[in-house]
Amino acid sequence: MTKDRCQREILAAVKPLAIAYHRCTGKPLGVAGEIAEYEAAGKLQLRLTDARNKGYDAQRGEEGIQIKGRVLDDRDTNRRRVPKLDPETLCDTVLLEPDTLEAREIWEVPFSDVKVALMKPGSKVRAKGSLRVGEFRKLQGARLAYEAGA
């Protein structure tokens, strides 16, 4: 069995469990990051790197790309944060549908624009290396790389 097929089968089995766990407990199961990486790689033709690769999760040619995933419902678009960002690496953020864990949107932002945003004073969230989802979408250079149904 290929690595891709193995990942696809495992994630297909995990998604319903993660959805059921969240409905039952109100807490995430903690697999959104792995699902987001796999979704982004497939939809944007990226090559996933091995686990624990410093600074990025996938590559497009020689370019390293970090992938951050968030399960997002329409009620909390601006409150939810993109996990801690490495301002030295191109960043894709995958926003997952809460009921299916399928990619809703994938936003891509050059690392230079992330770095500028993180350096702005006056925010405890930015000081910790993170941005709210709404801020990330509005960054200079942000582009919608994928949208479900488009």
Side-chain angles (χ1 to χ4, degrees), residues 1-60 63-111 113-114 117-118 123-139 141-150:
M1 179 182 310
T2 67
K3 185 177 178 181
D4 184 64
R5 183 174 173 200
C6 181
Q7 283 179 305
R8 188 172 44 250
E9 288 181 9
I10 291 170
L11 292 176
V14 167
K15 280 182 179 183
L17 296 173
I19 292 165
Y21 185 82
H22 186 265
R23 283 185 188 146
C24 178
T25 67
K27 298 187 296 186
L29 189 55
V31 295
E34 288 76 14
I35 292 169
E37 288 175 11
Y38 188 79
E39 290 275 328
K43 294 188 179 351
L44 303 179
Q45 287 83 49
L46 306 174
R47 182 177 53 83
L48 289 173
T49 59
D50 293 332
R52 309 286 182 247
N53 194 354
K54 186 170 171 61
Y56 55 92
D57 306 299
Q59 288 184 287
R60 182 184 298 123
E63 180 180 43
I65 300 171
Q66 63 181 310
I67 300 169
K68 302 296 183 182
R70 268 293 175 241
V71 177
L72 189 70
D73 70 36
D74 293 325
R75 295 178 309 236
D76 65 2
T77 325
N78 288 314
R79 289 184 306 146
R80 296 303 299 248
R81 291 184 307 196
V82 175
K84 188 172 181 181
L85 299 160
D86 178 352
E88 300 302 320
T89 309
L90 181 72
C91 186
D92 281 356
T93 292
V94 182
L95 304 177
L96 302 170
E97 285 287 346
D99 294 330
T100 63
L101 295 183
E102 298 293 323
R104 175 193 291 189
E105 300 172 358
I106 302 175
W107 288 82
E108 189 168 285
V109 178
F111 73 83
D113 297 330
V114 171
L118 291 175
S123 168
K124 291 179 184 177
V125 172
R126 284 193 304 266
K128 293 178 182 178
S130 186
L131 295 168
R132 287 191 307 275
V133 169
E135 287 179 302
F136 189 87
R137 288 173 167 163
K138 293 176 185 174
L139 288 178
R143 74 177 187 88
L144 185 60
Y146 169 83
E147 185 173 20

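Keep in mind it's a predicted model, so treat the numbers as computed, not measured.
Between Glu105 and Arg70, none of the side-chain N atoms (NZ, or NE/NH1/NH2) sits under 4.0 Å from a carboxylate O, so this pair counts as no salt bridge. A salt bridge links Arg60 with Glu63: the closest approach of a Lys/Arg side-chain nitrogen to an acidic carboxylate oxygen falls below 4.0 angstrom.
Taking CZ from Arg47 and CD from Gln45, the interatomic distance works out to 14.0 Å, rounded to the nearest 0.5 Å. If you take CG on Leu29 and NE2 on His22, they are separated by 10.5 Å, rounding to the nearest 0.5 Å. Here OG1 of Thr49 is found 6.5 Å from OH of Tyr56. Values are rounded to the nearest 0.5 Å. Distance CD1/Ile65 to CG/Leu46: 4.5 Å, rounded to 0.5 Å. Note that the CD1 atom of Ile19 and the SG atom of Cys24 stand 14.0 Å from one another [nearest 0.5 Å]. Note that the OH atom of Tyr21 and the NZ atom of Lys27 stand 4.5 Å from one another [nearest 0.5 Å].
Closest approach of Leu118 and Gly129 over heavy atoms only: CD2-C, 3.7 Å. Across all non-hydrogen atoms, the minimal contact from Ala18 to Val31 is CB-CG2, 3.8 Å. Of all non-hydrogen atoms in Pro110 and Gly141, the two that sit nearest each other are CD-O, 3.4 Å. Residues Leu48 and Ala41 come closest through the heavy atom pair CG-CB, 3.7 Å. Nearest approach of Ala40 to Ile67, heavy atoms of both residues: CB-CD1, 3.9 Å. The two residues Ala36 and Gly69 make their nearest non-hydrogen contact at CB-CA, 3.5 Å.
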Exercise. Show your working on side chain to side chain contact (heavy atoms under 4.5 Å, CB included) between Leu144 and Ile106 and close with a plain yes or no.
Key: CA-CA 6 Å; Leu144 185 60; Ile106 302 175; over 6 Å; no

Quiz item: Can you check side chain to side chain contact (heavy atoms under 4.5 Å, CB included) on Asp4 and Tyr38, steps first, answer last?
Solution: CA-CA 9 Å; Asp4 184 64; Tyr38 188 79; 3.1 Å; yes

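Under a 3.5 Å cut-off, the side chain of Asp113 and the backbone N or O of Leu139 do not form any donor-acceptor pair. Not a single donor-acceptor pair under 3.5 Å links the side chain of Ser130 to the backbone N or O of Arg126. Checking side-chain atoms of Glu9 against main-chain N and O of Cys6 turns up no donor-acceptor pair under 3.5 Å.
Screening Arg104, Lys15, Arg8 against Glu39 for a salt bridge (Lys or Arg N to Asp or Glu O under 4.0 Å) leaves a single residue, Lys15.
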